[in-house]
Chemist: 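One structure, pasted below without further comment.
First listed ligand is number 1; within each ligand, the first listed atom is number 1.
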Amino acid sequence: MSQGSSPPLRIALAGLGTVGAGVVRLLAANAELITARAGRRLEVVAVSARDRNRDRGVDLSGFAWEDDMVAMAGREDVDIVVELVGGSDGPALNLARSALAAGKGLVTANKAMIAHHGLTLAEAAAKSGAALKFEAAVAGGIPVVKGLREGTSANRVARIYGILNGTCNYILSKMEESGADFAETLAEAQALGYAEADPGFDIKGVDAAHKLAILAAIGFGAKIDFAAVHCEGISAIRAADIAQADALGYVIRLIGIADTEEGATGKQPRLLQRVRPCLVPKHHPLAHVSGPTNAVVAEGDFVGRLLFQGAGAGDGPTASAVVADLIDIARGDVSPPFSVPVDRLVQMAPADPGDRTGRTYLRLTVADRPGVLAEIATATRDAGVSIESLIQKGRPEEGGEVLVALVTHEGPQRCVDDAVALLDGSDSLTAPPLVMPILKA
Ligand code: NDP
Ligand code: HSE
């Protein structure tokens with residue numbers, strides 16, 4: 001059939017916030033080239049959100065308004081549902097399930113929903129033969145889902161890691177540039193539309209963990225296992241840590257890392273998934289990623305190291321990824337969302353992070369009094385931690401609080417955790433210790 005006579009792909013759009021309005025804007029602005037690339041027109045038929053009367057800065061007059069998203073998905077004149085509401089469960093999940101059960105394709109930017117329910121949604125899609133796509137759910141505008149699903153599909157992937165949360169990266173790089181205050185910078189990230197509806201998801205590392213679980217499932221052909229992601233956020237990081245890292249030749253970035261290690265004979269490899277603030281050597285490509293930019297490194301056995309980098313949040317980049325998925329569906333792509341058919345995804349047991357070796361930064365805030373350093377040295381000695389360097393900073397007033405920063409030699413993570421546990425409850429500590437791995441180059 002020629003492009004002119006192909007029927008349009010008829011879209012129901014749920015959610016008209018930052019991303020939803022961006023999709024409407026993009027479809028209008030680039031309508032002609034999108035039609036040429038999709039081979040048919042992408043036509044929004046109906047839209048839904050909570051507040052019908054809100055001015056969203058886009059023209060919605062040509063679309064039917066539906067208060068009930070599920071009813072909208074059930075309309076006979078709808079082929080594809082785009083879910084841009086958010087939330088792992090509730091209305092978004094109801095909508096996704098009902099769309100896929102009805103055999104309608106689903107495009108979503110909702111990493112929380114995919115991280116929690118991606119497997120069952122992929123099963124529902126396979127059952128009804130519908131497409132399920134979520135490029136925008138990971139790293140905004142960067143085509144990393146497609147890159148891993150298609151570009152590296154001939155490779156064994158050894159490791160996937162990167163900067164997966166624009167809000168945290170924005171905060172950390174602003175604090176680094178100008179010594180800006182954490183709360184003030186978070187408010188800026190919210191105003192710019194980068195943060196989640198609940199910004200706790202960003203700063204506690206949960207949003208990055210959602211994305212990491214999705215990438216790991218695709219890269220390793222594994223059943224998605226969000227519950228197994230070890231996750232820490234950035235709220236304990238102080239300006240003093242950033243200054244200390246700088247003096248040592250590092251920057252601080254929130255990094256998600258997924259890799260595998262051999263299991264027992266005859267068993268599947270084990271999968272380790274971690275999101276943690278890390279010290280990144282200044283010469284590492286990820287050290288130069290600032291603002292809301294995201295970057296993902298994937299290491300394949302034949303392709304080597306790939307770096308995907310670009311805008312990780314915001315209306316335009318995220319809409320770009322949503323519409324790219326729609327174009328793929330318009331072209332007839334119903335390939336498996338997690339790189340292999342859902343019934344072939346393997347169950348990978350979680351690996352123990354304590355077994356991993358590396359160098360670690362450990363910051364302790366302690367009372368400035370005799371014997372405190374000896375106490376720290378005793379804990380590290382008893383836990384088997386070898387110290388590469390130690391810096392003590394500040395003595396604002398006699399007997400006040402001082403900051404002690406340690407960098408360890410390469411050693412098992414378990415030993416560092418043991419040292420921290422030995423110091424736990426000590427009245428020499430004035431705040432909980434901060435432990436950050438140093439990213440291997
Ligand atoms: P917003 O909060 O800006 O928009 C959410 C939209 O969903 C609003 O239009 C809202 O309606 C509507 N909505 C919320 N709850 C309901 C409900 N119960 N019933 C009907 N409509 C509802 O979110 P974003 O656009 O920022 O994010 C949308 C999705 O995209 C989320 O899953 C998010 O994680 C993801 N995402 C966001 C990125 C970003 O940069 N913002 C980047 C990548 C992914 P109303 O406007 O009437 O209140
Ligand atoms: N809140 C997310 C972030 C949006 O800051 O990265 C993009 O997924």
Chemist: Going by the atom numbers of ligand 2, which of them fall below 4.0 Å from some non-hydrogen atom of Lys111?
Modeler: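 Those of ligand 2 that fall under 4.0 Å from Lys111 are 2 (C), 4 (C), 7 (C), 8 (O).
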Chemist: Check Ala195 against ligand 2 and report side chain, backbone, both or neither, counting heavy atoms closer than 4.0 Å.
Modeler: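 Within the 4.0 Å criterion, Ala195 contacts ligand 2 through backbone atoms alone.
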Chemist: Can you figure out which of Gly15, Ala92, Gly17 has its heavy atom closest to atom 1 (P) of ligand 1?
Modeler: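 Going through Gly15, Ala92, Gly17 one by one, Gly17 has the nearest heavy atom to atom 1 (P) of ligand 1.
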Chemist: When you measure from atom 42 (C) of ligand 1 to every protein heavy atom, which one gives the shortest distance, and what is it?
Modeler: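 The protein heavy atom lying closest is Thr318 OG1, 3.2 Å.
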Chemist: Which option, Glu66, Glu83, Arg56, Arg50, owns the non-hydrogen atom nearest atom 14 (C) of ligand 1?
Modeler: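 It is Arg50 whose heavy atom sits nearest to atom 14 (C) of ligand 1.
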Chemist: Of the backbone atoms (N, CA, C, O) and the side-chain heavy atoms from C-beta on, which set of Asn294 has a member under 4.0 Å from an atom of ligand 2: side chain, backbone, both, or neither?
Modeler: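 Near ligand 2, Asn294 shows nothing, with every heavy atom at 4.0 Å or more.
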Chemist: To which protein heavy atom is atom 47 (O) of ligand 1 closest, and what is the distance rounded to 0.1 Å?
Modeler: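 Result: Asp51 N, 2.7 Å.
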Chemist: Among all protein heavy atoms in this structure, tell me which lies nearest to atom 26 (O) of ligand 1, with the distance rounded to 0.1 Å.
Modeler: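 Its nearest protein heavy-atom neighbour is Thr18 CB, 3.6 Å.
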Chemist: With a cut-off of 4.0 Å, which atoms of ligand 2 are near a heavy atom of Ala313?
Modeler: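 So the answer, numbered in order with elements, is 4 (C), 7 (C).
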Chemist: Between Glu135 and Val145, which heavy-atom pair has the shortest distance, and what is it?
Modeler: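 That closest heavy-atom pairing would be OE2-N, 3.0 Å.
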Chemist: Check whether any heavy atom of Ala136 sits under 4.0 Å from an atom of ligand 1.
Modeler: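 For ligand 1, residue contact (heavy atoms, under 4.0 Å) with Ala136 is present.
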Chemist: Using a distance threshold of 4.0 Å (strictly less than), state whether atom 23 (O) of ligand 1 has a protein heavy-atom neighbour.
Modeler: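 For atom 23 (O) of ligand 1 the answer is no, since every protein heavy atom stays at 4.0 Å or beyond.
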Chemist: Which atoms of ligand 2 have any heavy atom of Asn165 under 4.0 Å away?
Modeler: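 Checking each atom against Asn165, I get 2 (C), 3 (C), 5 (O), 6 (O).
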Chemist: Can you pull out the closest protein heavy atom to atom 41 (N) of ligand 1? Residue, atom name and distance to 0.1 Å, please.
Modeler: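 Among all protein heavy atoms, the one nearest atom 41 (N) of ligand 1 is Gly193 O, 3.2 Å.
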Chemist: Does only the side chain of Val19 get under 4.0 Å from ligand 1, or the backbone, or both, or neither? Count heavy atoms.
Modeler: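 Both backbone and side chain.
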Chemist: May I ask you to say whether Arg37 pairs ionically with Glu32, meaning some side-chain N is under 4.0 Å from a carboxylate O?
Modeler: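 Not counted as a salt bridge, because no side-chain N and carboxylate O are separated by less than 4.0 Å.
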Chemist: Please write down residue, atom name and distance for the protein heavy atom closest to atom 33 (C) of ligand 1.
Modeler: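 Here the nearest protein heavy atom works out to Glu196 OE1, 3.7 Å.
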Chemist: Any atoms of ligand 2 less than 4.0 Å from a non-hydrogen atom of Glu196? List them with their elements.
Modeler: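 This gives 1 (N), 2 (C), 4 (C) as the contact atoms.
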Chemist: List the closest protein heavy-atom neighbour of atom 28 (C) of ligand 1: residue, atom name, distance to the nearest 0.1 Å.
Modeler: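 Here the closest protein heavy atom is Leu84 O, 3.4 Å.
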Chemist: Going by atom types alone, do Tyr361 and Asp241 pair a side-chain donor with an acceptor below 3.5 Å?
Modeler: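 There is such a pair (donor and acceptor under 3.5 Å, judged by atom type) between the side chains of Tyr361 and Asp241.
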Chemist: Does the pair Asp77/Arg75 count as a salt bridge with the N-to-O cut at 4.0 Å?
Modeler: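 Yes, Asp77 and Arg75 are salt-bridged.
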Chemist: Please confirm whether the ring centroid of Phe220 lies under 6.0 Å from the ring centroid of Phe338.
Modeler: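 So the answer is no for these two rings.
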Chemist: Should you measure from each heavy atom of Gly166, which atoms of ligand 2 turn up under 4.0 Å away?
Modeler: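 Contacts of ligand 2 toward Gly166, numbered from 1: 3 (C), 5 (O), 6 (O).
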Chemist: Pairs of nitrogen or oxygen atoms closer than 3.5 Å, one from Ala197 and one from ligand 1: do any exist?
Modeler: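 Between Ala197 and ligand 1 (N or O atoms, distance only) the closest approach is not under 3.5 Å.
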Chemist: Please report whether ligand 1 has a polar contact with Pro91, defined as an N or O pair separated by less than 3.5 Å (distance criterion only).
Modeler: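 Pro91 vs ligand 1: no N/O contact under 3.5 Å.
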Chemist: Heavy-atom count around Tyr250 OH within 6.0 Å, excluding the residue itself: above 12?
Modeler: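 Buried by this count: over 12 neighbours within 6.0 Å.
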Chemist: Is there a polar contact, in the sense of an N or O pair closer than 3.5 Å, between Gly314 and ligand 1?
Modeler: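 Checking ligand 1 against Gly314, an N or O pair does fall under 3.5 Å apart.
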Chemist: Side chain to side chain donor-acceptor pair (under 3.5 Å), that's the test. Do Asn110 and Thr108 meet it? Break it down for me.
Modeler: CA-CA 5 Å; Asn110 189 337; Thr108 178; 4.7 Å; no
Chemist: Only heavy atoms of Asp202, strictly under 4.0 Å: list the atoms of ligand 2 that pass.
Modeler: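 Those atoms are 1 (N), 2 (C), 3 (C), 5 (O).
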Chemist: What's the shortest distance from atom 5 (O) of ligand 2 to any protein heavy atom, and which residue and atom give it?
Modeler: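 It is Thr167 OG1, 2.6 Å.
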Chemist: Which atoms of ligand 2 have any heavy atom of Tyr194 under 4.0 Å away?
Modeler: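 Ligand 2 atoms under the 4.0 Å threshold to Tyr194: 1 (N), 2 (C), 3 (C), 4 (C), 5 (O).
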Chemist: Could you work out, for atom 35 (C) of ligand 1, the closest of Ala311, Pro292, Ala109 by heavy-atom distance?
Modeler: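 Answer by nearest heavy atom: Ala109.
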Chemist: N/O to N/O below 3.5 Å, does that happen between Gly20 and ligand 1?
Modeler: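 It does not: no N or O of Gly20 is found under 3.5 Å from an N or O of ligand 1.
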Chemist: I'd like to know if Arg356 and Asp259 make a salt bridge, using a cut-off of under 4.0 Å between side-chain N and carboxylate O.
Modeler: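 So Arg356 pairs with Asp259 through a salt bridge.
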Chemist: Quick check on contacts: which atoms of ligand 2 are under 4.0 angstrom from a heavy atom of Gly312?
Modeler: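 Within the 4.0 Å cut-off of Gly312, ligand 2 contributes 7 (C), 8 (O).
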Chemist: Between Asp315 and Arg25, does any NZ, NE, NH1 or NH2 come within less than 4.0 Å of an OD or OE carboxylate oxygen?
Modeler: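 Between Asp315 and Arg25 there is a salt bridge, with a charged N closer than 4.0 Å to a carboxylate O.
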